[in-house]
Undergrad: 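Handing you this structure, nothing more for now.
Bear in mind the structure is a predicted one, so any value in this text is a computation, not a measurement.
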Amino acid sequence: MKPFCIPAVISPRVLFTVCLLALISGCGGSINADYSQLDLIDVSGTVTLDGQPLPGATVAFEASDGTFSSGVTDEGGHFNLMFNTEKSGCLTGDKTVRIKVGGDLENPDEESEGENEQGRQVGSQIVIPAQYNKKSTLEVTVDADHRSFEFDLKSNP
């Protein structure tokens, strides 16, 4: 009986096919995450700019370790935070709040094309000072007694 040998050189076509099959077999399943161990709180609120509702703004509650929950304001300036794309809520604790119209909240320290020299965000004729986003001074504590927040931003603080 002849022993089985693996060729020293695998053709690219065979390698591609094996990789493709591995990818396909891993797709289609859903993640059944267990959120019960997390201390998630449903968080909502309102954002206004100079007393007027601020629609289309992304609101992020960021922890000191960089994790965050975020949501987008509706036409009335109301938001609900999402822990991820499937689960609503926010972890409890102290948070820095960042509010932006457009742009990338995941990298708040990076320069944005939508900011002018003063650090104010410019987008769709809306100017939000950096103290509410990139250099945010907004801080809150999320817990069972603190789950609804109102932010009245000023365009000229």
Undergrad: Mind listing the closest non-hydrogen atom pair of G77 and P53 along with its distance?
TA: N-CB, 3.9 Å

Undergrad: Could you name each residue pair satisfying ring pair (Phe, Tyr, Trp, His ring centres under 6.0 Å) that touches residues 129-157, not counting sequence neighbours?
TA: F61-F149

Undergrad: Which heavy-atom pair separates D50 from S155 by the least distance, and what is that distance?
TA: OD2-OG, 2.6 Å

Undergrad: Heavy-atom distance under 4.5 Å between the side chains of L54 and T48, does that happen here?
TA: no

Undergrad: Going hydrophobic residue to hydrophobic residue with side-chain gaps under 4.5 angstrom, can you get from V140 over to I99?
TA: yes

Undergrad: In sequence, state the C-alpha distance, the side-chain angles, and the governing distance for V142 and L91, and then conclude on side-chain contact (heavy atoms from CB on, under 4.5 Å).
TA: CA-CA 7 Å; V142 174; L91 294 171; over 6 Å; no

Undergrad: Without swapping roles, check the side chain of N133 against the backbone of K100 for a donor-acceptor pair under 3.5 Å.
TA: no

Undergrad: Please name all residues satisfying side chain to side chain donor-acceptor pair (under 3.5 Å) with S36, sequence neighbours left out, ordered by chain then number.
TA: D34

Undergrad: Walk me through it: do E86 and Y35 pass the test side-chain contact (heavy atoms from CB on, under 4.5 Å)?
TA: CA-CA 11 Å; E86 296 180 4; Y35 298 105; 4.1 Å; yes

Undergrad: Under the side-chain contact (heavy atoms from CB on, under 4.5 Å) test, which residues partner D145, sequence neighbours left out?
TA: D143

Undergrad: Suppose we screen for side chain to side chain donor-acceptor pair (under 3.5 Å). Which residues come up paired with K154, at least two apart in sequence or across chains?
TA: D152

Undergrad: Looking at CE of M82 and NZ of K87, how far apart are the two atoms once the value is rounded to the nearest 0.5 Å?
TA: 9.0 Å

Undergrad: If the condition is side-chain contact (heavy atoms from CB on, under 4.5 Å), which residues does D94 pass it with, not counting sequence neighbours?
TA: T141

Undergrad: Within the 4.5 Å heavy-atom criterion, are Q52 and L49 side-chain neighbours or not?
TA: no

Undergrad: Show me, pair by pair, the donor-acceptor contacts under 3.5 angstrom made by side chains of residues 40-47, not counting sequence neighbours?
TA:
residue, atom, partner, partner atom, Å
D42, OD1, S88, OG, 3.2
T46, OG1, H78, ND1, 3.1

Undergrad: Grouping I, L, V, M, F, W and Y whenever their side-chain heavy atoms are under 4.5 Å apart, do F79 and F83 come out in a common cluster?
TA: no

Undergrad: What residues, two or more places apart in sequence or in another chain, satisfy side chain to side chain donor-acceptor pair (under 3.5 Å) together with T96?
TA: none

Undergrad: How many angstroms lie between atom CZ of R98 and atom CG of L138, to the nearest 0.5 angstrom?
TA: 9.5 Å

